[in-house]
Every structure is written in C-alpha cells, then in structure tokens.
Q: 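The structure that follows is given in the form of structure tokens.
Values below: every heavy atom of this structure, side chains too, minus hydrogens, waters and symmetry copies. Proteins get letters first, then strands, A, B, ... in listed order; numbering begins at 1 in each.
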Amino acid sequence: MGDLPIVRFEEKIVETVEQNPVVVVIGETGSGKSTQLPQILYRRGYAQSGIIAVTQPRRVAAVSVSRRVAQEQNVQIGEEVGYAIRFEDRTSEKTRIKYLTDGVLLRESLFNPELNQYSVIILDEAHERSLNTDILLGLMKRLIKWRHSNLKVLITSATLDGGKVSRFFSDCPVLTVPGELFPVEIVHISERPKNYVEASLKKAIDIHVREPEGDILIFLTGQDDIEKLVLKLEEKVQSLEEGSCMDALILPLHGSLPPEMQANPSECTGDFIYKLSVLLKVRVFSPPPPNCRRFIVSTNIAETSLTVDGVVYVIDPGYVKQRQYNPATGMYSLEVVQISKCKVALPVGKSSFLRMKRYFWGKSFPLVLRWSSSSKVDDFAVNTIFTPYGFSHRTLFGYLIDYFVLSAGKAAAGRAGRTRPGKCYRLYPSMVYRDDFLDATVPEIQRSSLAGTVLYLKSLDLADMDILKFDFLDSPSIESLEDALKQLYLVDAIDENGSITSIGRKMAELPLEPSLSRTLLEANELDCLSQALTVVSMLSAETTLLPAPGKRSEKKRKHTPPDLPDGFGLGDHIQLLQIYEQWYQTDYSIDWCKENNLQVRGMVFVRSVRKQLSQIMQKFSKGYSFWLWLIRCPNKQKRRDGQQEYRNLRKALCIGYANQLAERMIRHNGYRPLGFKSELVQVHPSSVLKSDEDGMLPNYVVYHELIVTSRPFMRNVCAVDMRWAAPILVKLEKLNVFKLSGGTSERDKQIQEVTSTMEKKEIAAIQSPEDRDSRIQAARERFLARKSQK
DNA sequence: GAGCACTGC
C-alpha cells in the first residue's frame, strides 16, 4: 500500500493529529483516506488506549471498507478489524479498528454519551452531510471539550468545505491529501434543452452511431422518465438501418424494479451477503453479448454501491429528485432539483482501482470501476453490490466508468488492460455549471422533519442544552425546530415546558420515528403490543414491500388485486398487520410472498426489525410477556370477530399519531390535518380505508405521511374514534410553542393558566356521556376558529 | 382514483 498518496503524508498527518484534538482531512478521490487513515493511526499507537472508530453513512460502506482493511491487515473480519451495522455486529474484544454506520454510533452515544471506548473517532464522508453525520458533528464539538486529553476527532471527506468545518471546530487545521484520477473528457452542450428526455435520447443515439464500443449510462430523475426513454430508445434503435451499427440492449434501472433474485430469509446472515453477490451477474451486471452496446437508463441509484461494468459514456442531464419537508404544512414532497457541484462527475481514483484489482482478481466478480460523485467512489467500489437482502438499488449519481476490461471473456478477446478515457456529456452549458449550480446539496437536516432528531438530543441530557441553539454546522430553521417540538409535545415526549418526559426517554431508545415509538409504548399499555410491533415494523419497510408498479402494458392486470386482506376497511395499518399475520401463518413462506406480489427482501427486513424492536420493548413491557413470545406469536388473538379485534391497536395508533391527526370536512371526503397550516388533503387512492353506506369516510383518521404529488395525499391512513381524538384537540388548542422552546413570560403564564382550566372543563365535558358528540363538535369548531384567526 | 430519488437506527 506504499503507493497510496495518503501514505506519503503519514508524518504530516500524525504530527497534526498529535498536536490537535480535531483535524479535518480533505482526501481527494483516489487518496485512500477511508482505508489508510485508521491504519496509519493504528500503526502509531492510537488504538492502545481505545478503539479507532470510523463512521460511514451507509451499511455497505462500513462492511466493505472494513473487509478490505481486515484483508490489508491480514486478519479475519471481527478480530482486530470489525464493523457494526444494524442487525449485525462483527466486532470482538480484540477489535481495534471499528467501522460503523453513523446511526450506530449515535445509538451508542445514547447509552454512553462520552463514548469512552473510543480513542479516535473518524467521521468519514462528512461531505455527504447526512442527517446523522450532521448530528455527530455537533456532538463531537461538545465531546471534545469533555475529553480534550484522550480523544482525537478526524473529519474526512472528499469535497467538504474545509474552511467552514475548521471554523466550526475553532479553526482546527485542515490537511489536504491529493488523489489520482483517471482521465475523463467532459463535454458541455451550449444550451440547456427544453426536454431532457428528448435530449438524452438524441445524445445516446448519437453516441451509438458515431462512437466506438462502450456502454452508455444515462441519468434520469425517476421511473416515469426512465420508462419513457426506454420505449423511445427501443423505437429509435429498431429504426436504424440494419448492420449500420452494433446491436443495442436497453436496460432500465431504478428502485421499484423487482429484485433480480430472492433470497431465503433464514440464510440472511453476513456471509450470505457474500454468497448473494456472486449471483448478481444479472441484468445490468452481466456483460453484454458480443458486438452489443448496453444503454443503462438509471436513476441515481448506484451513487455509492452499485456498479456497472463496461460504461464508457455518461449522459448527465443535471437533475435529481429530492425529498423535502415543509414544517408549516407537515407535508413531504419530491421535487426535481438541479444537482450541485459536489454531485457531478469525478472519476474513480487510481489507487482504489489497483486495490480492487488485487482484491477481485481471479474471483468470479465482474470488476467494476466506479466513477462517481465526489462522494467516494474510491473507497468502495469493491463491494459494490453486497447488501443484506438481495441487492439494493442505489443511485449512481456519480458515474460508473470502466477503463479496463477485466472479465474473463473480454480478456480472452485480447482487450484486457486497454485504457480509454471515459466521456461525460453534460446536458447543460458550462456557464450554468459555474454560475447556477449550488456548491453543495442542501444538507438533509434542512430538508427533514426533525422530531426524531430533537427527541434524540433531548434524551442525551446535555448540560445547558437549548435545542433551538444547538450548535449545528448548518442550522435548521427555527420553524423546523418548533415544528419538531410541537410534534413531540403532542405525542407526550416532552411536557409543556419542553422538558423530556419519561415516555420521551423510552421513545428515544427505540430506533423509530416518534409517532411509531409512541404507538408501541401505548400498545404496551393497551395489551396489543404484539400487533403494534408488527404494524410498526411493516411501516419501517413499507417502500420496499409493496408490489412493484407494473409497466404501462401490465396496467390492466394490476386491477385484479392479489388475494390480500383489506384491513376490514379500517385502514392501511390494519391491512399491514393482516398481511404479516398471514405470512406468519405460512411459516414465513417465500412462495407466499411471491404469489402475493410482496417483495421477499422487504418482508425479511420486517421480520428483523420486529425482532429488534421486540427485544427493546421487552425492557418496557409489563412483565407478562417474553420477547420470544412476542417474536413468535404475532397473532395473539384467537377471536376473529372483525372490527372489534383491532380497537385497542387503533387507539394506540391514535395516541402515537397525535401529531398526525386529520379531520374530515363536513360534506365531502377531503380532510384537514390538525396542527398544521390548514390545507385540504385526500386519502391516497391506494388506501384500503372504506367509506360508510352514505359514501362518507370516517370523521377522524391518523395518517403515516403527508405527501404532495399531483395533490396532497395522506398515505397509510387509519380510522380512529372521535373520543380518542378529543384529548388531542384539546392539547392542540393549548399549544404554546414559545414555552415548548424553553421560553417563559408573564403573558404566557397567564395564557397557560386560562387554558389549563379550560382543559379540565373540557375533559370533564367530554367524559360525561350525555351530549358528548355535540361538545366535541363545539371544541372542534373553537379550535378551527382559533386557527383561522392565526 | 394515483404513480414516489436514496440512505439509516
């Protein structure tokens, strides 16, 4: 490994780390920072007083980079070098270098805030600015004050603005390690096209007709555009004169494609992942037939882990879909935005390539070179495709480029080792790139709902903790933090002064969003924990679970629904429960999943989540339940009398989703989400929620998510009883965000007193049986009136 | 009566 650029900087690095508690290392692509930095510190004795931790934003990265380091150190994984990701801890007492996802480190920090077991913490890939990395940056800043003498923190990334991070850490030093890149020719077009699907089509055909062999990779924003382009490409290729150019193979690649293979869940262990990867030479992974060019039309699915062998040409329209949260309305939307400068093409580093070559040579892998976003290709291309439950589609926002041809077939053809610069066609002018593109993507922390994050920080009990003033590298907006406080208050995680409650503490221990953890705790009280565990686990995997949307031509077939339960019309949560229960009845049968068009990988994931949550809930359960029993008996009730059976579960959901309650309009089936800026929303058409004989939906529902597509929709909806909703309405009425955020004033105290007397009367009124509904209605109207005044 | 990029605990 002596040839790696970073090794030449060893003395400088060690010297700087020795003299400073925090160091920023900007390792350009190809520098080998993720693998070499911890090994350098290990060699220099930094692991003697503790473990060297290296965080990664993704599971695959943690696994693969650690495997490689273990190999370089010539040890078995799990010995001196190990990794820890959710569901899998491959470390032992011997472990000195530990790779872990940043989420895992956050959880460890929950139970051991000083992270005493670590002598060095390396936050790798910080430029990706994942929510978890950003929280860790803030925590490290505090931690370094407590543990000044015995902790070193390194922040490494490819393109992160070093000056900014350095200022954040009181002007800590910034080291820049150069990398070595493969040559790539970048071509900008002179004018931005109006229709980028058409422009991509034109460019792709152009390449196909004029350029020598080599696959083409085209990045589009979503499934719709991909399907469109695939159809058009097929048409166009057909119309080309026979024999005028090589054959074409057109392959779509996006997240809703069914997995190419389905795994036996009982075998899903770490090593199983390895076996899976061997089988992965399918679809885009298999080499093309001779004299054939592949067109891979992809979302940014493989940015970091999926790699494609043989790509020489990349077409980059410069757009991506991004999920955004609006704290005023509580709604998510997916918006097409321009990519940022740090997301455009950079070739894979040479050093990584050489390592990969050594690693893979002689094994039955397609060797792949990734040419990626600034994000890291270099560190990762090796593992590529391993992921626990089959292969995960990921985004290739960077680019995959293959300069060397290494598969056996191609080697036999005598072309091995030939190099050729890749070409990247950017469908935007260089001026647009220079002047218009943001330097970096808006960090996730400024685009997400922060309820979970705020609860996490509150539960750490940091001294002088004022959540509105927590020191983030980039602060989220006040609105977003206030929204989080409001949500936490509604689910009883914090009290009216903003202090964490005992419920809130338990919630923070569950790896779930607050509504779901609150649901579990309430279900425990209402004796329906087993059912709630199932629902919550199903929701955790929901997007990978449902049948993949069929192609346009298959649309009709989709209208005959598979033989799945309908939740008694009470809502999607109940349906999810019933689906899992049926699966359980079949003894977790794979065939059953396939018959019912459910993604096996998703169901297996649900099972793991459920097991993990059961173990955590065991701590809080009321004593009668053993977690084994929870795991094995998802279907507790023997009685099967329909609606009544799920009453407690729905009540628990209502209390858990107190921040996501919606009320139906009087005359139609539109709903108004309560507690947010008033907007009319619809139940998503995919819901199994049923209307009554008059065609009306339930008066109150809780929803899992508000998502704006063509219109605002509630996805995953559950009918709740008006009586359960009433206390929430009352709580909404006395909501005082100013107090929640820690502020107090005389005026607020007065308001507080008035509202709390009101509340007592209100509750008394609601609890008296006579005239209940009209009183609830009155409270509801007052609430709405008040809200419209605002 | 619609259609959703990707991670993570």
Q: Rounded to the Å, how far apart are Tyr456(A) OH and dG8(B) C1'?
A: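 Between C1' of dG8(B) and OH of Tyr456(A): 13 Å.
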Q: Among the nucleotides dG3(B), dG8(B), dC4(B), which one has an atom lying closest to any side-chain atom of Leu334(A)?
A: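 Nearest nucleotide to the side chain: dC4(B).
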Q: Whole angstroms only, please: what is the CG-C1' distance between Asn132(A) and dT7(B)?
A: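 Going from CG in Asn132(A) over to C1' in dT7(B) covers 9 Å.
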Q: Any salt bridge linking Arg59(A) with Glu88(A)? Criterion: basic side-chain nitrogen under 4.0 Å from a carboxylate oxygen.
A: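 The answer is no: the pair does not qualify as a salt bridge.
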Q: Using side-chain contact (heavy atoms from CB on, under 4.5 Å) as the criterion, list what pairs up with Thr95(A), not counting sequence neighbours.
A: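 Residues passing side-chain contact (heavy atoms from CB on, under 4.5 Å) with Thr95(A): Thr91(A), Ser92(A), Lys98(A).
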Q: Could you tell me the separation between the CD1 atom of Ile226(A) and the C1' atom of dG3(B), rounded to a whole number of Å?
A: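 Going from Ile226(A) (CD1) to dG3(B) (C1'), I get 14 Å.
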Q: Closest-nucleotide mapping onto DNA chain B: is Gln322(A) or Leu510(A) further toward the 5' terminus? I mean the 5' end.
A: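 Of the two residues, Gln322(A) wins.
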Q: Arg323(A) CZ to dG8(B) C1': how many Å, rounded?
A: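 Checked: the CZ to C1' distance equals 13 Å.
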Q: Starting at atom CD of Gln682(A), determine the distance to atom P of dG1(B), rounded to an integer number of angstrom.
A: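 In whole Å, dG1(B) P lies 8 Å from Gln682(A) CD.
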Q: Starting from P on dG1(B), measure out to NE2 on His684(A) and report it in whole angstrom.
A: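 Distance check: His684(A) NE2 to dG1(B) P gives 13 Å.
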Q: At under 4.0 Å between heavy atoms, what does Tyr332(A) touch on the DNA or RNA strands: base, sugar-phosphate, or nothing?
A: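 Nothing, no heavy atom under 4.0 Å.
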Q: On a heavy-atom basis, which atom in Asp134(A) and which in Phe472(A) lie closest, and how many Å separate them?
A: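 Smallest heavy-atom distance, with atoms named: O-CD2, 4.4 Å.
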Q: Is the closest basic N to carboxylate O distance between Glu509(A) and Lys619(A) below 4.0 Å?
A: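 Yes, charged N to carboxylate O under 4.0 Å.
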Q: Does Ser130(A) place a side-chain N or O at less than 4.0 Å from the phosphate oxygens OP1/OP2 of dG8(B)?
A: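 Checking dG8(B) against Ser130(A), no side-chain N or O comes under 4.0 Å of OP1 or OP2.
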Q: Nearest whole Å is fine: how far is dG1(B) P from Leu697(A) CG?
A: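 Nearest whole value for this atom pair: 11 Å.
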Q: So, is Arg107(A) near the phosphate of dG8(B), with a side-chain N or O under 4.0 Å from OP1 or OP2?
A: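 Negative; the distance criterion is not met.
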Q: Please determine whether a side-chain nitrogen or oxygen atom of Thr101(A) lies at a distance below 4.0 Å from atom OP1 or OP2 of dC9(B).
A: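 It does, given that an N or O in the side chain of Thr101(A) lies less than 4.0 Å from OP1 or OP2 of dC9(B).
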Q: Taking only residues two or more places apart in sequence or in another chain, which ones pass side-chain contact (heavy atoms from CB on, under 4.5 Å) with Ser691(A)?
A: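 For Ser691(A), the residues satisfying side-chain contact (heavy atoms from CB on, under 4.5 Å) (neighbours in sequence not counted) are Leu697(A).
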Q: For Arg711(A) and dA2(B), is the shortest distance between a side-chain N/O and OP1 or OP2 below 4.0 Å?
A: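 Arg711(A) to dA2(B) OP1/OP2: side-chain N or O found under 4.0 Å.
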Q: Side chain of Gln223(A): nearest nucleotide among dG3(B), dC9(B), dA5(B)?
A: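 Closest of the options to the side chain of Gln223(A): dA5(B).
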Q: Describe the nucleic acid contact of Ser686(A) in one word from base, sugar-phosphate, nothing, applying a heavy-atom distance below 4.0 Å.
A: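 The answer is nothing, as Ser686(A) stays clear of every strand by at least 4.0 Å.
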Q: Rounded to whole Å, how long is the line connecting atom CZ of Phe605(A) with atom C1' of dC6(B)?
A: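 Result: 14 Å.
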